[in-house]
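See below for the structure under consideration.
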Amino acid sequence: MEHPSSSSKVTVEYFDPYGVYQLLSPGLLPRLPLRNLHWESHSGPLRSISSLHIDLVPSAQTLHLPSSTDLASASTSSLSRVKSEDSAASGDDGFRIQALGQAVVERPESVSGPSKPVVKERRHQIPGLRQTPYLKVLFIRCDDSDTYKTQTRKEVREWIKDQTPLATKLSAQENHDAFEWLIVHVIVPNTAAATQPRTGGKSAEGSSGSSSDKSGTRWGKGSSTILEKLRADFNGSSRSAVDRVAQIRIGINDVPYEMLPRVIPAIPGSYSETPQENESAWLDLISKFKSLILSSFDMRVGQYEEDIREKDAQRTLPGWNFCTFFVLKEGLARGFESVGLVEDALVGYDELAVGLDAIVREQSATGSGAEHGGSFLPYTEDLKRQAESARTAIRKDMGSDDVVETDDPIDLQFTSQSAENIANEIPLNATKKRYRELILANDISIFDFRCYLFARQLSLLLRIANAWSSQEELLAKLKEQRESSLQGVAARLPAVQPSEDIENLAVLGEVCRRAMDFVASIARVIRDDIWVSWRQSQQDSNSESNEASKDPVMVQVIDNIVASFTFAIAQQILAQTSTKSLPIPPSTLAPPSSKIGLDGQEPKAAIPEPKTMMHPARSSSLAIRSRSREPPSPGLFPSGRRNSVPEQGGASPFLKAGLEELAAHCAELYLLSRNILELAGKQHGWSVGWTEMAHLQGARADTMEEFDLDKPSAVSSQIDTSSKLPPSIHGIDSKLLRTALDNEDDFYRLYETLTDKALRHYTVANHVQSVQSSMADLAVLKYHLTDFAAAASYFYRMTPFYGEGGWAQVELSMLIMYAKCLKELQRKEEYVRVVLKLLSRAAMLEKERLQRKSAFQVGGRKHSFDEEVVLTCSYLPELTKITQSLQHEVLVPLQNFFGKVEIEETVLYLPKVDGFGLQLKLQYLLADDLCIDKGRVKITPTGEGSSRDLWLETTGPLVFRKGKVQMSVQSNVLIPGAYHVSHIILQASNVILQYEHGIPLSTSGKAHSFFNCPKLVVYQRSDAFDVRLYASRSMHLDRNRFLEIELSSGWNNITSGELHIRAATAGLRLQTSDTKLVSGSLEVSQRSEAGVVRFGIMESGSTAKIGIPFNLEHEVNDISIKVEISYTTEKGTFFSATTPTISIMLPLGVNVQDVFKSKALFSRFTISSATSSPLRLLSSRLEKSEVYDAQGGLALSKPVLVFPRQPASMLYKITKSDLNSKQRPKQKPKTSLSLILNYICLVEEVEDAVIDSLRRLFEDEALRPYMRLVLPAVISELRTRISPYDFERAAILNEVSTSIFSSVRWRDHFSGLGRLEHQNEEIASVLSRLLETWQQDTPRIPLVPISINDETIARSRSIIIPVDVPSVTVVHTADLKLLEHSAVLGNDVVAAANQPITASLSIKWTRIWDTEQFDHSETENNFLEFFYDLSGPSDTWLIGGKRKGHFRIPKNPSQNGKQRLAFPVILIPLREGFLPFPNLEIKPAPFVKIHKPGHAGSDEDTRVKQANITCETDFRNAGETIRVISNSQKTTVSLDASGPQGGAWLLESEGREVGSGGVMLG
Amino acid sequence: MTAIPSIACLGVIGKNNNPLHITLFPSAPLNAPLRTPLQFSLLLASTLDIFESRSKSNASSGGGLSGDFGLLHAIDERLAAYGFETNTGVKFVVVVDMRGRIVGEGVGTGKVTPSVGLREGEMKLVFRAMQAAYVRLLQNPFYEPDEHSPPTGRGGKRITSRRFTEDMKRIGESWVPGVGSS
């Protein structure tokens, strides 16, 4: 059973003296193979063999037997013709070359030729499990009992005797060939035997044919049938004896007519077998086959295992031979295989492989001397021959005539033959050589040994996997069997279709995996092998062994041979493991030109490339095979090997167990073969692109040199010679490889196909990374072959993958090539995109490199094999050129090209220019120079308030070179404040690099490392153009208020300018159209639109003030406006903006109190401070008006201090001017007076003092520019820190103490200013130090003494308050006159208490203050009615007389006369002391009683309501007192407590005498 | 003069399948790396697939606790990749060149026969050394593992530690087959 096939077959030898096999086989063969055998091993579990094929072999006797019947001869001989080889082989030791097994590719029959001269059977002492039959079957035909008795029994007995000597001699040796025997009685119809029932007459009717073993001896007592007789004779007597007899009846229809016996027996049709019986008879036969085969198998296995154990135990003994052990163990394995226990067989072989490894390793470890375990040939003869022939061929090619002929004559015949030998396509074949014999003879090299072992493992694995290849062989065998049988019968059977889904993909994967390992190891073995042989042959010729190993030709030969062999192995394995279950996606080698054709830019696309046209033809590996192969010989098999044409496998992509592994391993094999091809190609100088890629990598000259120094130059010179050697394909036997290496095109084509196959397999295997890497191979190849379109499409797919995965180096290399492709293809858009990406990656790597470099600074040597990719050619110029042609701009993040952006914290100012600038330090990472047309930087204010971003720009184009670069940007727009840089834009033609920086939340994080932006404080220098806003110093309460804008031109001549003013306070309305110039000389444009004020030329150093009136919807204390100013100087147009806030609150408050007299009005003005700050009142004046005159006291000689709680008051007398009556024109004269106050707020004074002091301080030139920054800061600190107390002190002491600044942290105000240029000191600290020293040096700042003169008044604040004289209808002047001026002491009137005083109340009135001309009441009445009421406190005065009364005065003011009304009253003072006079109140009566002197004397009184009569009373006596004294002279008081009430009691009082002139009071 | 195996490339691959470190070593005849760095990079990348499929099968079978994946991939007759995965997902790949080093006749030839190839556990020593170097790297307080294998699962920086690089170099150069394997 030495078939290397995957079918399990057992040989069953039959002896057919009667030629009944012909009759039997139609029935027998369909029942084969045997199914469901169960073998119970004595060790291990029950194994079941699902099917076991039987090789029915006629025994030698049968063949040599002269055909006993003519009938049989024809067919038998035809059968034997087919089987001739087999039988010939099986006749001897069992080694047999079988054509069927290795039929991976069709194999001409001639192959078996060389091995045909089979060696003579050699009875080795330890044979393998031999191919002797497990079962010997005797077919007998015995037509009737008589024949049996006379002839058949004897024959059978003889046959048994022939066999049994072997069987009975139970030596260990023979147990290896243990077999069983079986007698089959074939009953031919129309014979007497056919009429016999199976088990004798009795049971003839009831015999259940199915169980023939039940019949026979047990039942048959009577005349026994032939079957029973046979059983009785040959089955042995013991109970346990196995039934070795079976009987089969042949149906009459199954017998060919010529074989049908003509003799009709006497009782025809007495017995006819039912189909069931027939069936059971067959079953019986089959089961006997099974059990007998198993029993003989069991016997053999037992024997082998015993032997192996024995041999294994001897392992350590000297002289133990591995080969012997191998043969023995292999015998067992083969035995297992033959019955279908493939796994067991495989285990056996695996163990052997391990054993071989161990032996080899042991031998190599111990040295070549004592070879334990048997010796192997040092080299393989075949390989040697092959190598030498190749070497000779090469030398011949080289034309070197001095070919040293080797000792071994080169068998040219052999080499040519072997070169053409198809078998080389199947390098692994257990039957290629007579391996077993060689092993037995200890005449095998390691190479051969390993090949054999692997071939065996391979075939077993394939069988386990139920691979297509093994199935095919199986089918072939089945078919062969069927052919050998009668044709009609086979036709009836359905063709057995190998079902695909039973292929075990995992095992196929395992096959591939093992093959990979094998290839790696066998390659080494081959090299050793050939070298050893070469060395030996060289040693024979000349003893320089070292020279031999250096021979370049030999190196090449070996390389070629190894490549060829390994390549062939890979191809073989791939072919053998190909399966339909592997859904390989269609080729991705899509013609890429179609893609490009769309945009029409590619002229190449129109030309069909021959390569792309060939793609479909190359989509299967078979296509190449068939092309590179000889025309297939008329095959033994109608169908060639199935190949993995993807179109066929386009079934649903179902997933199976092991599918992925299989695909992965297949892909690895493809890659392996591709690598071999690549290496071979390299010798021919055909690169697949990778070496060209090397220059893209960091293989720098300096690093390479290091190694050149290390090594002696011998190596390199050696390399030179070998590289000079012309490439050859001698020694490459693999057809495919040979063809591929024939010319460059084929090489590339095969390379591509193999890679593509690997790729597709990886795709199935879901090996993402490997897919990509295969794609990379393809892409590089395409790139190398300048098929840029295809390469680009690969790169397009690949680059993101590696980029995202962090394989930056890989991505970079890909991008370089991708960019090149796109450039070639003129795909500009993509090119730009890719190049930008590429550059950014390069920059990134450069950045990393810089980081690493900085980390490595201490270290000495650079890392030797830097895998870094270095951009060798420059892309930027090309990029800019291309982007210029693009329509749109290309945005690139700035980080892509730059490693670091730092912004100088010092804001730059140019002298005499009002703008400012920034300095940026950038780390440019690219090697190419970058031309920047324009750089722009946006700064965003950090604080709240103005949210205006400023843009700064470079002045001209810049060129960046790799490394640190600087860029300075300027802006003419200056808005003071704190900023940070939020945006950087660099514009290089159409490429825009930009970086946007968000709000700097914290200084940590990644942004920080890239972008470093300090706080930037932008300020205006003190000499720059300045705009300041003031509230107007002079204020007229009646009119619109003004804002004053002070423009100071600074150091530049302003040619023109424009102010944009907008209110920033709600309700504020600015009337810019009424702008007027307040001071200075400036041409203010009149025709201005709202909010815009234009002005003209300003000389440098001049100031001008313009006033803008404004009004407010509702009163607020502070207003703010937005002022944007743009102005033009000879240095350009500048822009600035501020949002100042000013206080428009009045610092003072004025109250007025009026006292009306009949002739004059006295007004007292109380001037108080509205804030906590004191005021200095410089002057006060009441301006007279047309109607009134005003008179004041003396002017102020020195300023009056007005404290918040100490107001000043001024009294003015207002009289009506004389011309009043004369000038009574129609128009109303201006009546109101105006109070004009000039004052100074102490706050301002203090601030001015501080500012002056600081100004003097900053005269120091270096820090002068910062004055405008410092002063507001100081003032704001001052405002927040100064207290009312401080103000009062300052007002009194006329000096300001600077101690309030002592605790200010000045630094905080000035952070962000950067550093001074020279000292490299932070400006903030310089400033703060300066201020601190200032504060310490000047503890007090004296206020400017203020004297009142015109100048100070002009500079002071002024307010004009309109003062209206209130209109009073009537002013009464009342006088209470005491009529009896009895006693007057001095001025005082003296009166006695309790004495009545007669008095007269006289009331005068005047209408002069009635400015409102109350004259509408002519109609009704012409009187105004008032009433008076004289009242006093009730405990003081007792008032009698006309205490209350009404009076009326004429309405017409012209009746202003001397009317005087007098009313008598009596006053009685009730107590002593200075008593104020009683109060007088005069009020207009609410109603006027109108007496109408009507008709008939009937007076009618109507009450008319009086409207809006105001009156003031000038009561003369108000404020006067009367001295009241007591008039009693004596008073008696009783203090007696008795009495009805108790207490004091006035008893008596005595008045004074009426003295002279005294008041006699009653 | 016999060629013995040497290390052609050492690779450390991070948890996110990103390369952390790659060192190439020269191979014998030309004294230069056998392939271009890019090819080695791709080679390392494709071993990731094998790591993945192996660990998948390991997870189902419960094997592979040691992290040693053994032979990953025989690339061709010369190169073979061996793999090791730490339990934090960092992978070490050793690419061995079977004929990477040429030694004199007398030196060490008795030890190794190329035909036998490398033994199963031959690489253990290398992996152990690599792991030790990596652990040392992790102990460095300035080394931020998250930077190199960010938790986002994508990308990561390479190792820039000089010491680690030196370690790798030393490991690769000093390795000789047959040492340390019992």
Partner residues of B/T88 under the side-chain contact (heavy atoms from CB on, under 4.5 Å) criterion, sequence neighbours left out
B/T86, B/V90

Between the CG atom in B/L79 and the CG atom in A/L672, the distance rounded to the nearest 0.5 Å is 11.0 Å

Can you pull out the residues in residues 44-53 of chain B with any heavy atom less than 4.5 Å from chain A?
B/L44, B/A45, B/S46, B/L48, B/D49, B/I50, B/S53

What residue, out of A/S770, A/S774, A/S773, A/A776, has the most heavy-atom pairs lying under 4.5 Å from chain B?
A/S770

